[in-house]
Amino acid sequence: SVQFDGRPAQVRNPQEARQLGIAMVFQHFSLFDTLTVAENVWLGLDKSLALAEVARRITAKAADYGLDIDPERPVHTLSVGEMQRVEIIRALLTNPQLLILDEPTTSLGERERDRLLSVIEGLKGKVGIIYVSHNLDEIMRLSDRITVLRDGQNVGTTQAGDTSESELIRLMIGRKAYSVFKRDRGPESRTHEPPILRIENVCT
């Protein structure tokens, strides 16, 4: 069951979600390459708005949150990070009470990822956020409260300040895990290989 704002809610389509005040940014973009940024955003908004007004609102919202996007640019000319910004602006222009972000950094490079995380930090306190990710450093950086789901079940909810990455891993996989690093045999042995993850074979 789903409750929103203290009341039972059934969300059968995106329009009903928007009416409730819920907006979502999906992991995979849903943009039309041949249309401009403004035209893509306009598709999800009230058609009583003129396209020029949508472009003006995009510029204003981008300035508010440092998203830096030109509403007149065709989508096929944008970088992956810029496309992600378009998706977020489109969601924000519905004035949501709750913004759901599903793995938003999956396709981003390190620089664009850090920039997006800074934008999300700027949104905190202005809109409720559910951030879905398997990237623990992002979770620890952004979250106030963390819920771990495993096999469709809630296996733990905790305040971010009261937990650690190792505890979250234990909840995620159902057992303890340890990082085992290779012995340093000098500069010639130092590679970028990740540490070996050793899992204790005891389910909790």
Side-chain angles (χ1 to χ4, degrees), residues 14 17-18 22-45 54-55 57-150 160 163-166 168-169 171-173 179 191-195 197:
R18 287 193 292 269
I22 302 171
M24 184 163 183
V25 176
F26 293 91
Q27 179 176 352
H28 301 291
F29 306 144
S30 55
L31 301 172
F32 293 96
D33 287 348
T34 56
L35 300 181
T36 66
V37 169
E39 288 167 339
N40 269 279
V41 171
W42 184 67
L43 289 174
L45 299 176
V54 172
R57 293 188 183 191
I58 291 170
T59 300
K61 191 68 69 173
D64 286 345
Y65 296 106
L67 289 165
D68 186 26
I69 200 74
D70 179 358
E72 302 304 325
R73 280 184 63 184
V75 163
H76 68 81
T77 68
L78 303 179
S79 68
V80 174
E82 288 170 328
M83 290 182 189
Q84 185 66 274
R85 289 176 226 161
V86 174
E87 294 281 12
I88 292 173
I89 288 174
R90 178 161 64 179
L92 291 175
L93 284 180
T94 65
N95 297 315
Q97 296 180 57
L98 175 65
L99 178 63
I100 303 173
L101 299 160
D102 180 22
E103 299 279 3
T105 63
T106 299
S107 303
L108 303 184
E110 192 65 25
R111 184 175 179 180
E112 289 184 323
R113 170 183 173 269
D114 286 342
R115 183 172 183 177
L116 178 60
L117 294 180
S118 295
V119 168
I120 295 170
E121 286 174 323
L123 289 171
K124 290 178 64 176
K126 300 176 183 178
V127 60
I129 298 174
I130 294 178
Y131 190 88
V132 182
S133 179
H134 64 275
N135 193 316
L136 294 184
D137 70 320
E138 294 177 9
I139 294 295
M140 296 299 291
R141 173 175 170 176
L142 296 174
S143 300
D144 298 310
R145 185 173 62 203
I146 302 169
T147 294
V148 177
L149 301 179
R150 186 175 72 242
T163 192
S164 63
E165 289 192 14
S166 60
L168 294 177
I169 291 172
L171 290 171
M172 289 167 65
I173 65 179
S179 292
T191 68
H192 295 291
E193 295 179 12
L197 190 67

Nearest 0.5 Å please: distance from the NE2 atom of H28 over to the CG atom of D102.
-> 8.0 Å
CD1-CD1 distance between I146 and I139, expressed to the nearest 0.5 angstrom | 6.5 Å
Intermediate values then yes/no, side-chain contact (heavy atoms from CB on, under 4.5 Å), E82 and R73 | CA-CA 11 Å; E82 288 170 328; R73 280 184 63 184; 3.2 Å; yes
Between E87 and R90, is a salt bridge (charged side-chain N to carboxylate O under 4.0 Å, His left out) present by the stated rule, with each step listed?
-> CA-CA 5 Å; E87 294 281 12; R90 178 161 64 179; 2.7 Å; yes
State, with a plain yes or no, whether a side-chain heavy atom of L35 is found less than 4.5 Å away from one of L43.
-> yes
From Q27 atom CD to S133 atom OG, the distance as rounded to the nearest 0.5 Å = 9.5 Å
Rounded distance [0.5 Å steps], CD1 in I69 versus CD1 in I58 = 9.0 Å
How far apart are the closest heavy atoms of L99 and A91, and which atoms are they?
-> CD1-CB, 3.6 Å
Mind listing the closest non-hydrogen atom pair of G66 and V119 along with its distance?
-> O-CG2, 4.4 Å
Verdict with reasoning, T163 to L171, per side-chain contact (heavy atoms from CB on, under 4.5 Å) = CA-CA 11 Å; T163 192; L171 290 171; 5.7 Å; no
Can you name the one residue among T34, D33, T36 that meets side chain to side chain contact (heavy atoms under 4.5 Å, CB included) with V75?
-> D33
Do the non-hydrogen side-chain atoms of V25 and Q84 ever get within less than 4.5 Å of each other?
-> yes
Take F29 and V80 through the test side-chain contact (heavy atoms from CB on, under 4.5 Å) and record every step on the way to the result.
-> CA-CA 9 Å; F29 306 144; V80 174; 3.8 Å; yes
Are the charged groups of K126 and D64 less than 4.0 angstrom apart, N to O?
-> no
All heavy atoms of I88 vs all of L101, minimum pair found to be CG1-CD2, 4.5 Å
Straight-line distance of S143 OG to E138 CD, nearest 0.5 Å = 10.0 Å
How many angstroms lie between CG in D144 and NZ in K124, if you round to the nearest 0.5 Å?
-> 4.0 Å
Residues A55 and E72: closest non-hydrogen pair is CB-OE2, 3.7 Å
Audit row: I89, V37, side-chain contact (heavy atoms from CB on, under 4.5 Å) steps and yes/no | CA-CA 10 Å; I89 288 174; V37 169; over 6 Å; no
Any ion pair linking R113 and E110 (charged N to carboxylate O, less than 4.0 Å)?
-> yes
Minimum heavy-atom distance between R141 and S118, given as atom pair plus value | NH2-OG, 3.4 Å
Under 3.5 Å, is there a donor-acceptor pair between the side chain of R85 and the main chain of L67?
-> yes
Polar side-chain atom of K61 near backbone of L93 as donor-acceptor pair, under 3.5 Å = no
Search all heavy atoms of S79 against all heavy atoms of E112 and return the closest pair with its distance.
-> OG-OE2, 3.1 Å
